[in-house]
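Hydrogens, waters and symmetry mates play no part in the numbers below; they use all other heavy atoms, side chains included. Just so it is clear: chains get the letters A, B, ... in the order the sequence lines come, proteins before strands, and each one is counted from 1.
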Amino acid sequence: MAFCFQVSPDVIMPFGNTHNKLKMNYSAEQEFPDLSQHNNHMAKVLTPEMYGNLRDKETPSGFTLDDTIQTGVDNPGHPFIMTVGCVAGDEETYEVFKELLDPVIEDRHGGYKPSDKHKTDLNFENLQGGDDLDPNYVLSSRVRTGRSIRGFCLPPHCSRGERRAIENLSIESLDILDGDLKGKYYALKNMTEEEQQQLIDDHFLFDKPVSPLLLASGMARDWPDGRGIWHNDNKTFLVWVNEEDHLRVISMQKGGNMREVFTRFCTGLTKIESLFKDRGHEFMWNEHLGYVLTCPSNLGTGLRAGVHVKLPNVSKHDKFGEILKRLRLQKRGTGGVDTAAVGGVFDISNADRLGFSEVELVQMVVDGVNLLVEMEKRLEGGESIDDLMPEQK
Amino acid sequence: MPFGNTHNNFKLNYKVEDEFPDLSKHNNHMAKVLTKEIYGKLRDKQTPSGYTLDDVIQTGVDNPGHPFIMTVGCVAGDEESYEIFKDLLDPIISDRHSGYKPTDKHKTDLNFENLKGGDDLDPNYVLSSRVRTGRSIKGFTLPPHNSRGERRGIEKLSVEALTSLDGEFKGKYYPLKSMTDAEQDQLINDHFLFDKPVSPLLTCAGMARDWPDARGIWHNDNKSFLVWVNEEDHLRVISMQQGGNMREVFRRFCVGLNKIEEIFKKHNHGFMWNEHLGYILTCPSNLGTGLRGGVHVKLPKLSTHAKFEEILTRLRLQKRGTGGVDTASVGGVFDISNADRLGSSEVAQVQLVVDGVKLMVEMEKKLEKGEAIDSMIPAQK
């Protein structure tokens, strides 16, 4: 297919970045951001010295240090989570700006070192159990990840031409899926009212980002051009195109059969990956960082596996935070990352992304949620849960 | 500048058709003017500071339209944007500024003595009077594009210049990032405080980056002369007071502006100006004088008259709500100001406001008495 041209990373870019060079007329102090009110990973790591070292650099596609950190400068903090405060504009960002990103990655991902290797395991057969989380408590199960397509810049930086090429490639590949995965693509910009309403009712529709974390990094440019949603006819497998990452892949269903959700996830992902490869496009991956995504917090597996689970009693227990920590899980409200819990129903998912495989992370969710439900039942019966307290995983 | 713009050159790997924005749902000046041909011609260009066509148009691509106003849909990143991208900007300027041609010359007149009257707009109707403009400082890039170092440089220069003012202009600077709560409350009560922009027209153009770094408000002790630093333009200069003495407001405006300009010139940073476009500002709609002279005026009867819009058009005035550009009017009180910016001088524009508002207040009084205003309808100015 010859409708687009993408430049391999080996092509030498003969030009510098004019605007970046103009800024060199100002000293590093004059340009260094004021991070005194800030509380994010970037602000914790970036020093004037580091800024001085990296400010004249750029990736082959022209992404600069200021581009990387802009979102963290513009967003000092977040009420519920410790934000990352920086993004990648292309695969090479993680290399050219490693002096900043390695410590950010280490801080964010439990001490992950620049020399560490990440293991990918998408073999669902390696998961133990997971098909019987109690549906009286576990309302739904979901696994998501992201994928970036090598040869294109990432959402903070990509042009309309690149975004459209990504969309075209995605549609071509997804259209080939069949069986349980057979489905349809809905481009955001020419959806009918009915289609839109249906996607809203199914909780599939994604909207133009409103979070300043995303807007400040440039991910919403040209909205809704090149963006869309693909899902299978069964509405259990969903792909978002050109939202925060090139692709977000989601497997989900009601109830507690996480095993089935994960099986479909792995099968679908593997198929999609090979379809892209048939078209000459791999996913961005390396043995140190695993799958390369826009936000450093999603490196590795990019995987968030979670359930919506009723834990009205456990969640009020004073050791709830501690239990989650030991299980390597995190809680969110049922509206997603920026929300609080409603009616005792929590979104419980793996906290880690990098340094553990997909199977390992989903196992933690399966085992951890099983334990939490057991604890909930105990507390319902007025019994103690002290003997159930887990070790640090 | 010996270097090209890496990212822009990277995009040239994609064809014009692949990169051309989808403007099918759009209604702004940029979308009316930009064709694939113009895009193809301009896409490989950049200004000396690296501003590109995609930078210029991004806000217009991201914002298809606006409920109350026909937006411009593009911005300048530096003085040279207006030259390098003239194929796009000249037609937009012409469309926005009533047919202003690339060969036209703009007249600047900040001599307040040339204004006739204006000291006696009826304060029973005219609640307040205000004149604002913007200024850009030569040698720096504009708010959509400038770096923290530049913005801080602008702030430093501005604070130096403003704090040297005395007499009726003696005042104080309040940087946004280190304001006390008490100072903030006072500035809000005085209606002086500006906030981080929420309008996507502005945020999509990149003007809110690094907020609130190097942004601030300076005002004189009398609270009648105010300068915003690094908001939508390098400087926004505002003269205002309660009541209808527009003449006094304009006098203070001209005197203050001229004083400030002198000081900047001494530091070898004059204001961006040329004889074709007048004062160069971030938004093409503010070229020329950048001046909006207006009043808050009670016109409950006139505003519901069938010919209200026609009257405003003929007087070359525009209406806004009392909350500013993105608001509707409340309680029959309107913000009435000059519609033009480019092609007529400051004095001429304020004269239009003075004469036009006087007429409209007379019309309002007539309508209050149940009399007709047909004989008073003005000719097109």
Inset, instruction - Rounded to the nearest 0.5 Å, what's the gap from CZ on B/R209 to CG on A/D66? Could you check? - result: 9.0 Å
Legend entry - Positive for salt bridge (charged side-chain N to carboxylate O under 4.0 Å, His left out) with A/R160, one of B/D54, B/D22, B/D18: B/D54
Inset, instruction - Would you check if B/F10 and A/S159 make a side-chain contact, meaning some heavy-atom pair closer than 4.5 Å? - result: no
Inset, instruction - Determine yes or no for a side-chain-to-main-chain donor-acceptor pair under 3.5 angstrom, with B/H7 supplying the side chain and A/H157 the backbone. - result: yes
Legend entry - Side chain to side chain, B/N146 and A/H19, heavy atoms closer than 4.5 Å: no
Legend entry - Contacting region of A/K189 [heavy-atom separation from chain B under 4.5 Å]: both
Inset, instruction - With rounding to the nearest 0.5 Å, note down the distance linking CD in A/E162 to OH in B/Y14. - result: 4.5 Å
Inset, instruction - Give a yes or no on whether B/K156 atom NZ has more than 12 heavy-atom contacts from other residues, nucleotides or ligands under 6.0 Å away. - result: no
Inset, instruction - Let me know if B/E150 has heavy atoms under 4.5 Å from chain A in its side chain, its backbone, both or neither. - result: both
Legend entry - Chi angles and distances behind the side-chain contact (heavy atoms from CB on, under 4.5 Å) call for B/D210, A/D74: CA-CA 5 Å; B/D210 314 311; A/D74 288 346; 4.1 Å; yes
Legend entry - Derivation of the side-chain contact (heavy atoms from CB on, under 4.5 Å) call for B/R148 and A/Q30: CA-CA 7 Å; B/R148 285 178 294 272; A/Q30 288 171 319; over 6 Å; no
Legend entry - Side chain, backbone, both or neither of A/I69 within contact of chain B (heavy atoms, under 4.5 Å): side chain
Legend entry - Heavy-atom proximity to chain A below 4.5 Å, by part of B/T141: side chain
Inset, instruction - Check B/S49, B/P48, B/S147 against A/L22 for a side-chain contact (heavy atoms from CB on, under 4.5 Å) and give me the one that passes. - result: B/S49
Inset, instruction - Check each atom of A/F32 against the heavy atoms of chain B and say whether the ones under 4.5 Å are side chain, backbone, both or neither. - result: backbone
